[in-house]
Amino acid sequence: MTVFVIRRFLQSIAVLAVTAIIVFIGVYAIGDPAEMLIAPDASAAERAQVVASLGLDKPLWEQFGTFIWNALHGDLGRSFVFNRPSITLILERLPATLELTLFGLCLALIIGIPLGLISGLNPNTATDEVIMTGSILGFSLPSFWQGMMLIMIFSVWLGWLPSTGRGQVGELLGIHSSLFTLDGLKHLILPAINLSLFKVSLVIRLTRTGVRETMPLDFVKFARAKGLSENRIVFVHVFKNILIPLITVIGLELGSMLAFAVVTETIFAWPGIGKLLIDSIMRLDRPVVVAYLLVIVSLFIFINFVVDVLYSLVDPRVRIGEAS
Amino acid sequence: MKPMKLLLAGVAAAVTTMNSVYAADLTIGSATEPSSIDPLFSRTGNNQNVAQAIFDRLVQTDPAINMEPALAVSWTNTDPLTWQVKLREGVKFHDGNPLTAEDVIFSLARAKDVPNSPAPFSGNVASIDSMRPLDDLTVEFKTKKPTPDFMEQIGFVYILEKKVAEGATIEDYNSGKAAIGTGAYKFKAWSPGDNLTLTKNEAYWGNSQDFENVTIKFISNDASRVAALRSGSVDLIDAVPPRDVKTLEGISGLKVFSIASSRMIYLALDSVRDKSPFITDKDGKPLDKNPLKDVKVRQALSQLINRQLIVDRILEGSGEPAGQLVPNGVAGNDPSVKAPAYDVEGAKKLLAEAGYTDGFGITLHTSNDRFPGDADTAQALGQMFARGGLKVNGVVAQPYNVYTKGASGGDFSAFIFSLGNSTPTSATGLRNLLMTVNKEAGTGSFNRTKYSNPAFDEAMRAATAEFDAAKRIEGLQKATSLVFSDVPVIPLFWQKVHWAGKANLTYVANMTEDTVPTLAGLAK
């Protein structure tokens with residue numbers, strides 16, 4: 001395990017370094033931030049002042065050198081637009097995205113796993129057909145359209161739920177989140193559904209396939225022969241076995257939900273990091289884009305690591321393989 | 001995106017929104033968000049919206065961008081280099097302290113060195129040589145050189161309270177600690193990316209406001225913003241997309257507020273260089289002569305454009321055909337300079353006179369996300385030019401953040417751009433867009449094609465050096481008619497801008513495209 005962790009750590013450093021180079025040069029190649037930032041009636045002198053204060057007049061290698069040097073000291077640069085540390089901007093908005101993603105992910109699991117089990121245990125029945133057809137909709141309806149439909153139906157027509165922004169933020173055990181207030185939860189429902197619909201379909205299909213593959217296996221027959229109840233067979237023995245692919249996929253999906261909930265956050269004006277990213281790209285706020293992608297790469301590395309550890313907890317075979 | 005909007009509009013038309021404004025609170029859905037609460041941090045429109053609610057300036061503008069007194073009540077120049085500005089009596093900051101000359105001097109001094117400001121006010125205070133208080137409510141300024149439009153420059157800098165703002169960081173403004181102004185609303189809280197809240201300033205020196213509490217929600221997506229208004233979660237929205245205007249007007253309980261802004265959309269032409277990168281002959285081979293250098297060709301292109309058709313069909317009426325920089329009503333507009341009439345035959349004749357009977361090849365460039373209809377307008381221009389016998393090799397649309405670099409870098413031959421005028425006269429716009437590029441003189445900062453017209457430069461210098469206001473404007477008009485007869489750029493239209501709100505509200509549609517709570521009120 002220790003060797004595994006060290007190897008992973010070294011790999012991560014390499015990945016981060018390569019990402020930094022690619023992203024920095026890539027972002028540098030796009031447009032001219034001064035054009036995006038200056039006032040519409042700026043004079044030539046003001047423009048020169050802005051270019052100099054943002055360091056845009058320096059050659060690429062010098063800008064990159066400064067960036068790397070500062071990054072090694074834990075400073076990922078200041079936002080051109082906000083003049084605040086990029087990392088602060090990102091961390092400030094992370095809680096909003098985290099609660100949205102986790103809520104969405106819970107929805108996906110709570111809805112997806114039972115439906116997948118029902119489908120898998122009753123293959124080729126009418127129930128199965130309905131669930132599977134429903135999941136095709138979840139897969140194929142574009143997120144943007146789905147979001148607008150949710151707003152049209154639940155906000156504009158029925159007037160049940162608010163359509164924009166984050167609700168009131170409450171505090172519980174020192175954690176600030178809109179999960180702790182009724183208003184906050186109300187605001188969370190529509191965007192979370194929008195974000196989770198695709199994942200629901202994914203979980204349904206993964207669960208169904210897992211169940212269908214596992215049920216005919218010898219150990220299930222053996223368990224039946226031993227006289228175990230059907231519930232125990234399904235919820236303990238079969239369930240453990242289908243968890244492996246689920247954990248893998250959900251881990252990766254969690255990462256992408258966190259990092260790129262851009263569409264959902266834009267439609268629902270959710271003040272999360274996805275919206276920050278897209279706004280920063282539009283405004284050529286280079287430091288924020290670079291810092292964001294580095295944070296996200298780190299996040300993915302971490303999630304993958306956690307997923308690997310979870311494997312060994314769930315599946316004894318992985319543990320034994322490592323040991324030998 | 002497109003089918004989505006149509007569907008939304010269609011579905012939406014069947015529903016009515018009857019919710020009324022709750023008590024006297026106002027919730028605005030705004031397309032843009034400030035980057036800081038420090039009013040001197042950035043001069044761009046998104047920051048001005050919030051700054052204007054909390055802070056005041058020495059002068060302000062009415063909906064047609066005419067200057068009117070605000071914190072300053074009068075100003076006189078005792079000699080060409082000296083100005084005395086008298087401040088309003090009895091103005092109090094949000095913390096109860098009175099406004100004094102020291103606050104004004106401090107604010108103007110701070111304007112030029114706000115750390116890392118991406119759009120500083122430094123140009124506004126560049127002409128100040130020295131300033132001193134004559135008494136508590138009078139400031140005397142010395143300028144470096146005679147500056148007739150001195151108040152138009154320093155007048156638009158926000159006034160801070162010295163005691164509070166001295167040494168304050170950007171975090172102090174964003175948290176509200178230093179967000180102490182004299183404005184109609186007090187800062188309450190800002191949650192970036194989500195909303196900003198304000199409360200009424202009971203001690204405001206100006207007109208009393210109708211709203212106790214104001215919330216500004218930041219909703220950048222057009223369809224979401226419209227839906228938020230329709231669902232009643234906001235009372236007023238800005239930047240209504242032209243295609244939604246008719247739908248919203250048709251819904252009982254909602255109202256649309258519109259005005260033709262002074263943002264000019266134009267086609268810039270590479271009229272200076274001997275060879276232009278996207279000009280070819282009819283077969284697509286590069287031309288060794290640049291036809292755009294010939295004023296007759298530029299006139300011909302302008303006459304080939306059916307501006308009214310573009311406004312009607314592409315913008316759904318949200319525009320006003322333009323023939324010069326600022327629209328009627330803004331000082332400097334010359335009523336005799338009209339948008340050229342659509343005249344294909346006349347244009348062909350001009351092309352023949354210039355020696356291009358068979359036309360030539362051209363590629364048009366445009367942004368596709370900067371303003372409603374930018375890419376479609378370029379497509380239409382392509383078709384109109386083709387009708388005049390030109391060979392249109394292509395219409396290239398790029399996202400704005402990529403596009404600007406090419407446009408300013410001289411990569412294109414003919415490209416669409418916009419220029420918003422937010423100053424009381426056309427002087428600033430003319431100076432930045434059309435005067436010869438000269439860093440020392442500070443002219444031509446947005447003159448992307450490097451157009452140069454010495455007679456116009458001279459006319460501008462004469463006009464802006466004039467202390468008599470009426471003569472200054474006359475001079476600007478003269479300069480305008482002089483330069484637009486040479487077709488330095490082809491003006492296309494002035495954009496119409498829209499706000500929409502509940503029927504029990506009023507909103508003062510304004511040419512500067514500001515979304516400020518002080519412009520909203522309850523319908524009487």
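Since the model is a prediction, treat every value here as computed from it, not as a measurement.
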Atom group of B:E171 that falls short of 4.5 Å from chain A, counting heavy atoms: side chain

Ranking B:D369, B:I170, B:V402, B:D38 by heavy-atom pairs under 4.5 Å to chain A gives rank one to B:I170

Using non-hydrogen atoms only, which part of A:E265 is less than 4.5 Å away from chain B: side chain, backbone, both, or neither? neither

Any non-hydrogen side-chain atom of B:S224 less than 4.5 Å from a side-chain atom of A:M148? yes

In the structure I gave you, are the side-chain heavy atoms of B:E33 and A:D279 within less than 4.5 Å of one another anywhere? no

Based on non-hydrogen pairs under 4.5 Å, which of A:V51, A:V81, A:L54, A:L158 is most in contact with chain B? A:V81

Measuring from B:D113:CG to A:S53:OG, what's the distance to the nearest 0.5 Å? 12.0 Å

Between B:N195, B:N432, B:L419, B:N47, which residue shows the highest count of heavy-atom pairs closer than 4.5 Å to chain A? B:N432

Identify which part of B:I219 has an atom lying under 4.5 Å from any heavy atom of chain A, answering side chain, backbone, both or neither. both

Would you compute the distance between atom CD1 of A:I278 and atom OG of B:S220 and round it to the nearest 0.5 angstrom? 9.5 Å

Which portion of A:R166 sits near chain B, non-hydrogen atoms under 4.5 angstrom: both

Select one option (side chain, backbone, both, neither) describing which atoms of B:Y403 are under 4.5 Å from chain A's heavy atoms. neither

Top contributor to chain A contacts, counting heavy-atom pairs under 4.5 Å, from B:S36, B:G409, B:S191, B:P192: B:P192

Pick one of side chain, backbone, both or neither for B:S422, based on which atoms fall under 4.5 Å of a heavy atom in chain A. side chain

Let me know if B:S418 has heavy atoms under 4.5 Å from chain A in its side chain, its backbone, both or neither. neither

Within the supplied structure, the quantity of interest is the number of heavy atoms (other residues, nucleotides, ligands) at a distance under 6.0 Å from B:K144 NZ; does it exceed 12? yes

A:A42 versus chain B, heavy atoms under 4.5 Å apart: side chain, backbone, both or neither? both

All heavy atoms of B:R43 vs all of A:E46, minimum pair found to be NH2-OE1, 2.6 Å

In this structure, OG of B:S117 is separated from CG of A:L37 (nearest 0.5 Å) by 9.5 Å

Any donor-acceptor pair under 3.5 Å linking the side chain of B:S233 with the backbone of A:P162? no

Name the member of A:R93, A:M282, A:K275 that forms the most heavy-atom pairs with chain B at distances under 4.5 Å. A:R93

B:S42 side, atom OG; A:F82 side, atom CZ - distance, nearest 0.5 Å: 10.5 Å

Is B:N174 close to chain A through its backbone or its side chain, or both, or neither, when contacts mean heavy atoms under 4.5 Å? side chain

Between chain B and each of A:G147, A:G159, A:S155, count heavy-atom pairs under 4.5 Å; write down the option with the most. A:S155

Below 4.5 Å, heavy-atom pairs only: which of B:A126, B:A119, B:P118, B:A441 has the largest tally toward chain A? B:P118

d(B:Y400 OH, A:E35 CD) to nearest 0.5 Å is 6.5 Å

For the atom pair CZ (A:R283) and OG1 (B:T44), what is the distance rounded to the nearest 0.5 Å? 9.5 Å

Over all heavy atoms of both residues, which pair between A:A39 and B:F446 is shortest? Give the atoms and the distance, please. O-CZ, 3.6 Å

Assert top hit (heavy-atom pairs under 4.5 Å, partner chain B, pool A:L89, A:D32, A:L276) equals A:D32

Determine yes or no for a side-chain-to-main-chain donor-acceptor pair under 3.5 angstrom, with B:N401 supplying the side chain and A:I281 the backbone. yes

Quick check on B:R448 against chain A: is it the side chain, the backbone, both or neither that has a heavy atom closer than 4.5 Å? side chain

Minimum heavy-atom separation for B:K405 to A:A29, with atom names? NZ-O, 4.0 Å

Could you have a look at B:A228, B:P120, B:G442 and say which one has the most heavy-atom pairs with chain A under 4.5 angstrom? B:P120

For A:I151, is it the side chain, the backbone, both or neither that has a heavy atom under 4.5 Å from a heavy atom of chain B? side chain

